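Quick notes on the structure that follows.
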Amino acid sequence: MRETAELFRTEGTIIKCIPFGSGHINQTWLVITNQPHLYILQKVNTDTFRDPEGLMNNMLMVTEHLRQKDPDPRHVLTLVKLKDGRDFILDGRKELWRMYEYVTGGVCLDRAEKTADFRNSGTAFGLFQNRMADFPAEKLTETIPGFHDTPRRYHALHDAIREDRAGRVQNAEPEICFLLEREAGAGLLTQMQKRKELPLRVTHNDTKLNNVMLDEKTREPLCILDLDTVMPGLAANDFGDSIRFGASTAAEDEKDLRKVHLDLNLYKAYAEGFLGACGDKLTKQEKETLPDGARIITLENAVRFLTDYLNGDTYYHIERPDHNLDRTRTQMALVREMEKNDSLIRKMMSAV
Ligand code: GN1
Ligand code: MG
């Protein structure tokens with residue numbers, strides 16, 4: 001690890017690298033040097049991200065575009081070059097390594113401590129949407145093809161059920177029924193986009209609260225992290241994934257489902273932050289589909305977690321045997337509450 005970190009242009013001598021963050025896909029370390037300056041070293045999972053050059057090219061273009069709009073180094077990720085001038089390491093075994101400047105004085109939260117934290121994360125993602133609105137989305141590589149193509153995620157679930165590779169279909173019958181009952185409505189946004197009723201935007205696609213850094217003192221939004229899935233997509237998915245994760249009263253993998261609820265105050269606060277910062281960039285139809293985005297992306301995550309459970313946990317990092325099943329169930333609980341409160345949510349959103 002340290003030898004890899006030493007290939008980058010850091011200030012000072014590297015003392016150690018410690019595991020960092022809570023991502024499910026990539027591996028991340030905090031790099032400590034004998035100077036106050038800290039760095040983040042990341043090994044990108046190239047089984048998941050099959051086009052590492054395309055991914056890094058996206059990241060370089062997007063951070064550059066954001067930097068032109070706001071040059072404050074705490075407001076946009078800054079990649080650290082290698083001593084030989086390259087932007088990243090892609091070695092013979094197709095391992096991708098990169099380094100960023102660590103943003104000092106920031107925090108990433110797994111749960112909003114105050115409503116304002118969540119509103120501010122909405123502002124951060126709304127600003128992202130706003131500032132990327134004049135960037136031609138078609139210049140970006142689709143780093144994971146069909147990432148939020150919900151019908152395609154359902155196809156993968158059907159394959160997993162049919163193949164039953166881990167012999168777990170029998171353990172997941174209620175979950176399978178729940179998800180299959182909702183399959184027909186899950187393609188709504190994908191179909192609207194195909195009919196050109198929704199525009200393709202530059203979207204982040206993984207807008208979990210812990211992918212935003214807030215100032216640790218003021219809790220103002222600083223910068224958006226995890227740009228691997230930035231690609232052409234739908235604004236409703238970005239909005240929706242934030243709600244899915246951050247407006248839940250419990251963790252994504254909570255076992256006690258009595259604790260899992262949709263917090264409508266948090267939902268509203270996020271919408272205020274997000275829509276306020278998007279300004280006039282979203283169309284009327286995009287705004288109307290934001291609640292659909294929240295419901296469908298939550299359903300999509302349930303489908304993905306269950307697919308991985310049935311396939312024997314080959315995609316997401318797990319810490320216990322039923323981890324992906326627990327994650328599936330929390331997402332289902334949230335979908336149920338989104339369905340139950342649909343008209344209330346739409347009313348609330350139209351007043352934001
Ligand atoms: C993965 O690795 P992480 O935590 O940033 C996943 C997201 C899921 C999320 C669920 C590339 O994100 O799509 O919504 O887990 N990222 C990828 O927590 O699949
Ligand atoms: Mg991610």
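Hydrogens, waters and symmetry mates are skipped; everything else that's a heavy atom, side chains included, is used. Order of appearance sets the numbers: ligands from 1, and atoms from 1 within every ligand. Predicted, not measured: the structure shown is a model, and the values here were computed from it.
When heavy-atom distances to ligand 1 are checked against a 4.0 Å cut-off, R244 comes that close only through its side chain, counted from C-beta outward. Contacts with ligand 1 closer than 4.0 Å are made by side-chain heavy atoms of D206 only, the backbone lying farther away. At a 4.0 Å heavy-atom cut-off, ligand 1 touches D226 through the side chain alone. Proximity of R327 to ligand 1, defined as any heavy-atom pair under 4.0 Å, is not found for any part of the residue.
By the 3.5 Å distance cut-off applied to N or O atoms, N301 is counted among the residues near ligand 1. Considering both main-chain and side-chain atoms, F49 never comes within under 3.5 Å of ligand 1 through any nitrogen or oxygen pair. Annotation: T229 places no N or O atom under 3.5 Å from an N or O atom of ligand 1; distance criterion only. Of the N or O atoms in R304, one or more lie within a sub-3.5 Å distance of an N or O in ligand 1.
When all heavy atoms of L299 and V335 are compared, the pair lying nearest together is N-CG2, 3.6 Å.
Residue F88 is tested with L79, L96, V44 for a side chain to side chain contact (heavy atoms under 4.5 Å, CB included); the sole match is L96. Residue H204 forms a ring-ring contact (aromatic ring centres under 6.0 Å, His included) with just one option from F125, F147, F274, and that option is F125.
Seen from the ring of F135, K139 counts as a face-on cation partner, given the 6.0 Å and 45° thresholds.
Note: F239 and Y270 meet the aromatic proximity criterion, with ring centroids under 6.0 Å apart. Residues Y102 and Y39 keep their aromatic ring centres 6.0 Å or farther apart.
No side-chain heavy atom of N210 sits under 4.5 Å from any side-chain heavy atom of L109.
Close contacts of ligand 1 with Y315, meaning ligand atoms under 4.0 Å from a residue heavy atom, involve 11 (C), 17 (C), 19 (O). Using a 4.0 Å cut-off to heavy atoms of E252, the atoms of ligand 1 that qualify are 10 (C), 18 (O). If you number the atoms of ligand 1 from 1 as listed, the ones under 4.0 Å from a heavy atom of K208 come out as 3 (P), 4 (O), 9 (C), 10 (C), 12 (O), 15 (O), 18 (O). Distances below 4.0 Å separate heavy atoms of H24 from the following atoms of ligand 1: 2 (O), 3 (P), 4 (O), 10 (C), 15 (O), 18 (O).
The closest approach between any non-hydrogen atom of F305 and ligand 1 is below 4.0 Å.
Contacts of E300 classified as side-chain hydrogen bond (donor to acceptor under 3.5 Å, both in side chains), with partners at least two apart in sequence or in another chain: H148, T150.
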Carefully, step by step, assess R295 and R244 under the rule side chain to side chain contact (heavy atoms under 4.5 Å, CB included). CA-CA 8 Å; R295 194 187 68 255; R244 168 190 86 75; over 6 Å; no
